[in-house]
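Below is one structure; the comments refer to it alone.
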Amino acid sequence: YVVSGVRTDMVSVTVHGPFGAIDLVVPSAAAVSDVAREYAAQAAPQRSAPTAPLGVLTTTGRWLSPDLTVLGAGISSGDVLIASRGPAPSGPVPGLAHATPPTARDGLAWLAAAAACAVVVLAGVLAASSSEDVATAAIVVLGVTAVLALLPSGTRSTQRAVVAPVAAGAAAFAVVHEPGAVHLPVTVGVAALVASVAAATARALGAGRRQPLDVILVMGLAWFGLAALVTLTGAPPQVFWSLLLAASLLACRVVPGLAVDVPDPMLIDLDRLAVTAWSARERRPGKRGRVLVSPDLVRGLLADGAATVNAAGVAIGVTAVLATPGLIDTATLGVDRLGAVFLVLLTAGGMVLAARNLRHVVARTALRAAGVLVAVAMVLERLGGLGPIATAWLLVALVLVALLVVVAAVATGRGWRSVRWARRAELAESLCLAFAMGAVVVSSGAFRMVWELQS
């Protein structure tokens, strides 16, 4: 649903109350009081209106303010609500299950979902290199996991909806995998396409939040399109991994600006947002004047942007971490290896610098962690030719340099956040991006091919 250029998502909830249970599909911008009135109108259409308005509370006993929107109250598809008469009590309702605060509970749930994604990816990789019987059993388990995670019912359908595409992609990877670095881009592309289909299915079923599923959908299609392009042109596999690294670095600068873009109708013509049946119900008898956009709707818009930025940050970090080993293993001929070193290190530096502009903890942490992991992977690969003593001394020197940098940062205080240092960081980030684009030409083997043709 789109109203004056602003997207309004629909939320499926089940409401229990004095007139029984009923399933409702309501806009995320609808007020909680509208949900209560709609429940009374549909569950008991022949009865007279109750003397006292119905209140709405969650299964944990938390009463919801009638002025809150569905999005502002944290209600998502698959949730169960309770409609009750009388004023909202000061404490939880007896007989209902108590739970931890929503923020702590959601944080633990997302950590568990991230751990589950890592486990299913590892299971898919191990199944691809195992015997036929073990691989078949793992594929069946991963497929069943993906199907169960797609079910929109349950209290943790939002987190399970993110695990479903990862499990489906891991199962597809194990099915189509063939040994050899040449076939790996095709295998990864097919797995990404299957993950995109699973994400689209979860989005259509309303199993989870729209933003993470949209990021997975776009990420999978981009991976598949790039793999198809490289395969159809007959390019070596190192081209695929080089382009993935360059795209991840470019996305660090582009995605945040797209995610937090506010639609013009919300800034220019606020009255047009009230031209829906649900928002019209907010008019009370005798109430005059214009219906403006509620603060909860604005908060919801900002929450959607934050969810998109966090999901995109994680996706960018995962792309860089997965592409680095592939580039290291394939770019091994002469100058190609040198180009791969520069591309990986420039990508790591650019991602760490880009993370400073993000106020969202999840996205900032994901980019910084991915940058560090990418740089460490390249450093360890280059140290493979050194002896154990030289490697140990070099690692000690790197740790001492890092400690000196931390001490200098603490000593200068907020000077590192000043306008002068911000300009220098912006310049360094731009240089990393520019040189990385040039390093792609070398790491992909294009420079070597032209050099060989000329010679």
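Side chains are part of it too, since the values below use all heavy atoms of this structure and drop only hydrogens, waters and symmetry mates. No experiment lies behind these values; they were computed from the predicted model shown.
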Quiz item: Are any side-chain N or O atoms of Asn310 and backbone N or O atoms of Ala306, one a donor and one an acceptor, separated by less than 3.5 Å?
Solution: yes
Quiz item: Taking Ser196 for the side chain and Leu217 for the main chain, is one N or O donor matched with an acceptor at less than 3.5 Å?
Solution: yes
Quiz item: Would you call Ser430 and Arg253 a side-chain contact if the rule is heavy atoms closer than 4.5 Å?
Solution: yes
Quiz prompt | Value rounded to 0.5 Å, distance of CD in Gln159 from CG in Leu108 | solution = 10.5 Å
Exercise. Determine whether Phe173 and Leu184 make a side-chain contact, defined as any pair of heavy atoms from C-beta on separated by less than 4.5 Å.
Key: yes
Quiz item: Can you tell if the side chain of Leu148 reaches within under 4.5 Å of the side chain of Leu151, non-hydrogen atoms only?
Solution: yes
Quiz prompt | Check: Asp34 and Val26 side chains under 4.5 Å, non-hydrogen atoms | solution = no
Quiz prompt | Arg203 to Asp214 - nearest heavy-atom pair and separation | solution = NE-OD1, 2.6 Å
Quiz prompt | Closest heavy-atom pair and its distance - Ala149, Arg160 | solution = CB-O, 3.3 Å
Self-check item: Heavy-atom closest pair, residues Val162 and Pro165
Solution: O-CD, 3.3 Å
Quiz prompt | Worked check of side chain to side chain contact (heavy atoms under 4.5 Å, CB included) between Val11 and Val25 | solution = CA-CA 5 Å; Val11 179; Val25 180; over 6 Å; no
Exercise. Please report the C-alpha distance between Val80 and Val13 in whole Å, then the side-chain angles of each, then the deciding distance to 0.1 Å, and finally whether the side chain to side chain contact (heavy atoms under 4.5 Å, CB included) criterion is met.
Key: CA-CA 6 Å; Val80 178; Val13 296; over 6 Å; no
Quiz prompt | Side-chain donor/acceptor of Ser248 to backbone N/O of Leu245, under 3.5 Å | solution = yes
Exercise. Go through the steps to decide whether Thr14 and Ile22 satisfy the test side chain to side chain contact (heavy atoms under 4.5 Å, CB included), and finish with yes or no.
Key: CA-CA 6 Å; Thr14 301; Ile22 189 172; over 6 Å; no
Quiz item: At what distance, to the nearest 0.5 angstrom, does OG1 of Thr69 lie from CG of Leu64?
Solution: 10.5 Å
Exercise. Determine, stepwise, if the pair Val70 / Val35 fulfils side chain to side chain contact (heavy atoms under 4.5 Å, CB included).
Key: CA-CA 8 Å; Val70 172; Val35 176; 3.9 Å; yes
Exercise. Drop me the distance from Asn357's CG to Arg364's CZ, to the nearest 0.5 angstrom.
Key: 10.5 Å
Quiz item: Rounded to the nearest 0.5 Å, what separation is found between the CZ atom of Phe240 and the OG1 atom of Thr330?
Solution: 10.5 Å
Self-check item: Closest non-hydrogen atom pair, Val15 against Ala83
Solution: CG1-CB, 3.9 Å
Quiz item: Is there a side-chain contact between Met351 and Arg368, using heavy atoms and a 4.5 Å cut-off?
Solution: no
Exercise. Taking all non-hydrogen atoms of both residues into account, name the closest pair between Ala195 and Ile216 and its distance.
Key: O-CG2, 4.3 Å
Quiz item: Within the side chain of Thr231, is there an N or O that forms a donor-acceptor pair under 3.5 Å with the backbone of Ala228?
Solution: no
Quiz prompt | Interatomic spacing from CG in Leu367 to SG in Cys252 - rounded to 0.5 Å | solution = 4.5 Å
Quiz item: What are the two closest heavy atoms between Val374 and Ala320, and how far apart are they?
Solution: CG2-O, 3.8 Å
Practice problem: Side-chain contact test, heavy atoms from C-beta onward, threshold under 4.5 Å: evaluate it for Leu81 versus Tyr39 and give yes or no. | Solution: no
Exercise. Just do the side chain to side chain donor-acceptor pair (under 3.5 Å) check on Ser443 and Ser242 with the steps written out, would you?
Key: CA-CA 7 Å; Ser443 63; Ser242 298; 3.0 Å; yes
Quiz item: Taking 4.0 angstrom as the limit, do Arg356 and Glu426 come out as a salt bridge?
Solution: yes
Self-check item: Between CD1 on residue Ile328 and CH2 on residue Trp241, distance to nearest 0.5 Å
Solution: 12.0 Å
Self-check item: Side chain proximity check, Trp223 to Leu244, heavy atoms < 4.5 angstrom
Solution: yes
Quiz item: Quick one: are Thr58 and Asp79 in side-chain contact, heavy atoms under 4.5 Å?
Solution: no
